[in-house]
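No hydrogens, no waters, no symmetry mates; every other heavy atom, side chains included, goes into these values. To find a chain, count down the sequence lines: A is the first, B the second, and so on, and within it residues start at 1.
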2 protein chains.
Amino acid sequence: MKQAKRKKLESRGWKIGSTTDLLKLTAEEEAYIDLKLSLSESLKNRRQDKNMSQSELARLIQSSQSRIAKMEAGDPSVSMDLLVKSLLALGASKKDVAKAIAASSD
Amino acid sequence: MKQAKRKKLESRGWKIGSTTDLLKLTAEEEAYIDLKLSLSESLKNRRQDKNMSQSELARLIQSSQSRIAKMEAGDPSVSMDLLVKSLLALGASKKDVAKAIAASSD
DNA sequence: TGCTTATATGTCAGTTTTGACATATTATTA
DNA sequence: TAATAATATGTCAAAACTGACATATAAGCA
């Protein structure tokens, strides 16, 4: 994994292991993170396309503005379940979700 | 939603609301459940294609046989995160995951 | 510039998900 | 048939995730 990418992930709060095994992020771990970041991005785009504020989306899915912010920031404390439920609440179809997931993140 | 399908879901342990609003499962809720069941199925197929037992898979992902069984049974206590991580551990690519998700469940 | 709205970040108690365990049920094979 | 392997089901303490809140920072506009 490239140094730049690792930095990006670490800045978002992902713990990629101790300093000694920073370079050992497995392909599966990387794919999993990629996948969540793709969902994050997709969520942000969908919300903005609807001219909706984070607070409005929070109301829609009975969550809070801060959690929406964390979702869109790719915070590791957010589950895929919540990301997907949010996308669906914004009108995404299963195929839309699939497309978001298949998209490579960089 | 069809009666037969609802029964199927309820038999797996999904709580689809009280008797009065059994028919009001929203499209989003339905899509979310469908999506998880598709991942379940995909996981089971992948594992079996590799001639791997649930115990072996459990070891591989540092989980337990009982949790694998729950994943494959579509138990509502299992997160999408765990399902996806497991698929990736079995060698699925992001595209494979996307395909599983896009697949309609019945 | 100040004012307002939107987004980001940190914390935390309540809830959900977790691996592990015991044990039941169902194949599979001798 | 018995014995063994595989899968299913129920429970629980620990770990992870959650909405909510406070508050910081940023963006837009008068």
Derivation of the side chain to side chain contact (heavy atoms under 4.5 Å, CB included) call for B:K85 and A:E28
CA-CA 7 Å; B:K85 280 182 187 173; A:E28 298 103 81; over 6 Å; no

Could you walk me through whether A:D96 and A:R46 pass the side chain to side chain contact (heavy atoms under 4.5 Å, CB included) check?
CA-CA 11 Å; A:D96 291 331; A:R46 271 195 175 263; 2.9 Å; yes

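With rounding to whole Å, B:R67 atom CZ is found 10 Å from C:dA20 atom C1'. The CG atom of A:D75 sits 12 Å away from the C1' atom of D:dA16 (whole-angstrom rounding). In this structure, the CD atom of A:E72 is 15 Å from the C1' atom of D:dA26, given to the nearest Å. Regarding B:L57, its CG atom lies at a distance of 11 Å from the P atom of C:dG19, rounded to whole Å. Taking atom NZ of A:K85 as the reference point, atom P of D:dT18 lies 9 Å away to the nearest angstrom. One interatomic measurement links the two molecules: CD of A:Q62 to C1' of C:dT15, which rounds to 15 Å at whole-angstrom precision. For B:M52 and D:dA6, the CE to P distance is 13 Å, given to the nearest whole Å. Whole-Å rounding puts the A:I68 CD1 to D:dT18 C1' distance at 12 Å.
Distances shown here put a side-chain N or O of A:S63 below 4.0 Å from the OP1 or OP2 atom of D:dG19. At D:dA16, none of the side-chain N or O atoms of A:S79 fall inside 4.0 Å of OP1 or OP2 (strictly under the cut-off).
There is no side-chain donor-acceptor pair under 3.5 Å between A:S42 and A:N45.
When all heavy atoms of A:V84 and B:Y32 are compared, the closest pair comes out as CG1-CD1, 4.4 Å.
Between the side chain of B:Q65 and the base of C:dA20 there is no donor-acceptor pair of N/O atoms closer than 3.5 Å. At a cut-off of 3.5 angstrom, counting only N and O atoms as typed in the model, there is a donor on one side and an acceptor on the other between the side-chain of A:K70 and the base of C:dT11. Looking at B:S64, its side chain has no donor and acceptor atom pair within 3.5 Å of the base of C:dC21.
Nearer the 5' end of DNA chain D, as judged by each residue's closest nucleotide, is the contact made by B:S66, out of A:V78 and B:S66.
Among D:dA8, C:dT7, C:dT18, the nucleotide with an atom closest to any side-chain atom of B:S77 is C:dT18. The listed nucleotides are C:dT7, D:dT7, C:dT18; the one nearest the side chain of A:S55 is C:dT7.
Contact annotation for B:R47: backbone-only contact, meaning every heavy-atom pair under 4.0 Å involves sugar-phosphate atoms and none involves a base.
Comment: A:D75 does not engage A:R67 in a salt bridge, judged by the lack of any side-chain N to carboxylate O separation of less than 4.0 angstrom.
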